[in-house]
Amino acid sequence: MSEEPTVVRVLVVDDQQLIRDGIASLLSIRPGISVVGTASNGREAVTKAVEVRPDVVLMDVRMPELDGVEAVAVLRARAPECRVVMLTTFDDEEYVVQALRAGASGYLLKDLPAEELAHAIRLAHAGVTQLDSSVAGRIAAALPSPAAAPAPAVALSPREIDILRLVARGRTNREIATQLYLSEGTVKNHISRILSRLALRDRTQAALRARDLGLL
């Protein structure tokens with residue numbers, strides 16, 4: 001007997017009703033995704049998330065009452081099982097860093113196609129941290145050159161450093177495997193060792209550590 005496909009429950013948060021309703025409508029017709037609610041600001045998002053317990057929250061950054069970054073921090077405390085993906089028009093690196101440090105599982109821009117957004121939601125539900133490619137580029141441009149960066153507190157192999165750098169750029173295990181000519185299982189094992197050696201909890205913390213070390 002085949003297993004039922006996983007359905008990802010999504011809460012859409014944006015202070016502009018047209019955008020909010022548009023995103024919700026586009027996602028509602030995607031297979032494997034169920035929009036369980038919408039919210040117009042961060043405070044309402046927290047209330048709704050605690051009430052309906054979505055798997056993934058799509059969160060705008062700049063909103064009234066409680067902005068997206070502040071809402072992420074509150075959600076991590078009140079509904080830690082929810083994955084929060086920032087979906088915004090702002091590609092400022094400071095917003096990215098603040099959101100990831102608050103506990104966001106990704107940072108995407110609103111100009112991506114609906115199918116890519118649906119795929120990003122499924123990846124976030126699976127625990128994969130994602131950064132929009134242009135966002136990753138802006139962060140890289142704001143960092144000092146790798147030559148001036150400090151060495152990791154715990155030594156990583158050259159291969160592990162390459163993988164950590166790609167994780168920080170939002171690449172999935174499959175994309176890393178393809179780029180480095182490795183199996184997905186090997187990539188997964190490397191990432192587990194990286195997290196263990198650097199005492200990191202997840203890929204989000206790994207991305208932040210790579211940024212701090214100037215590996216982007």
Side-chain angles (χ1 to χ4, degrees), residues 2-14 16 19-39 45 49 52-61 68 72 75 79 81-91 95-96 99-100 103-140 163-180 182-188 190-191 202-208 210 216:
S2 61
E3 294 184 358
E4 291 293 326
T6 299
V7 176
V8 183
R9 294 161 48 81
V10 179
L11 175 67
V12 179
V13 186
D14 197 292
Q16 298 184 48
I19 293 177
R20 183 172 70 247
D21 292 348
I23 293 172
S25 296
L26 287 171
L27 290 177
S28 66
I29 62 174
R30 299 291 163 178
I33 292 179
S34 174
V35 177
V36 296
T38 63
V52 303
R53 297 291 174 175
D55 299 307
V56 176
V57 178
L58 286 182
M59 183 85 72
D60 194 10
V61 172
V72 172
L75 276 173
E81 71 280 4
C82 296
R83 305 275 183 177
V84 183
V85 176
M86 312 307 291
L87 183 64
T88 180
T89 57
F90 300 99
D91 61 351
Y95 279 135
V96 181
L100 294 178
S105 296
Y107 197 104
L108 304 173
L109 301 183
K110 288 178 179 176
D111 60 355
L112 80 170
E115 185 53 45
E116 290 186 21
L117 177 58
H119 181 59
I121 288 170
R122 298 185 192 102
L123 289 177
H125 183 235
V128 179
T129 299
Q130 301 160 89
L131 294 179
D132 186 276
S133 58
S134 66
V135 167
R138 289 180 66 85
I139 293 178
I163 290 174
L164 178 58
R165 182 179 290 114
L166 291 173
V167 167
R169 289 173 177 166
R171 303 295 192 269
T172 65
N173 287 0
R174 178 175 296 180
E175 290 169 337
I176 295 172
T178 298
Q179 183 166 340
L180 298 181
L182 300 171
S183 70
E184 286 189 60
T186 298
V187 171
K188 184 176 180 180
H190 275 303
I191 291 174
D202 52 29
R203 297 171 77 107
T204 300
Q205 288 193 346
L208 293 173
L216 290 176

Completion exercise
Heavy-atom nearest pair, A24 first then T38, reads CB-CG2, 4.1 Å
Exercise for the section: Output the distance between atom CG (L166) and atom NE2 (H190), rounded to the nearest 0.5 Å. Expected result: 12.0 Å
Problem - Nearest-0.5 Å distance, CD1 of residue I163 to CG of residue N173 - result: 9.0 Å
Problem - Exam field: side chain D202 to backbone Q205, donor-acceptor pair closer than 3.5 Å - result: yes
Exercise for the section: Would you mind telling me which of T88, V85, V84 makes a side chain to side chain contact (heavy atoms under 4.5 Å, CB included) with L58? Expected result: V85
Problem - Interatomic distance, H125 atom NE2 to T6 atom OG1 [nearest 0.5 angstrom] - result: 6.5 Å
Practice task
Starting at CG of L108, measure out to CE of M86 and round the result to the nearest 0.5 Å.
Solution key: 10.5 Å
Handout entry: CD1-NE2 distance between I33 and H119, expressed to the nearest 0.5 angstrom
Key = 11.0 Å
Handout entry: Closest contact, heavy atoms only, V72 versus G103
Key = CG1-C, 3.7 Å
Problem - Main-chain N/O of T172 paired to R174 side chain as donor or acceptor, under 3.5 Å - result: no
Problem - Exercise: identify the closest heavy-atom pair between A45 and L11 - result: O-CD2, 3.7 Å
Completion exercise
C82 and P54 have their tightest heavy-atom pair at SG-O, 3.1 Å
Practice task
For A206 and L164, work out which heavy atoms get closest and say how close.
Solution key: O-CD1, 3.5 Å
Handout entry: Test item: L87 and V12 side chains (from C-beta on) under 4.5 Å apart, heavy atoms
Key = no
Exercise for the section: First locate atom CZ of R203, then atom CD1 of I191, and finally report the distance between them rounded to the nearest 0.5 Å. Expected result: 4.0 Å
Problem - Pairing of E184 and R171 as salt bridge, 4.0 angstrom limit - result: no
Exercise for the section: Quick one: do D60 and R20 satisfy salt bridge (charged side-chain N to carboxylate O under 4.0 Å, His left out)? Show the steps, please. Expected result: CA-CA 10 Å; D60 194 10; R20 183 172 70 247; over 6 Å; no
Completion exercise
Shortest non-hydrogen pair, Y107 vs F90, comes out as OH-O, 2.6 Å
Exercise for the section: Test R30 against E116 for salt bridge (charged side-chain N to carboxylate O under 4.0 Å, His left out), laying out the working first. Expected result: CA-CA 11 Å; R30 299 291 163 178; E116 290 186 21; over 6 Å; no
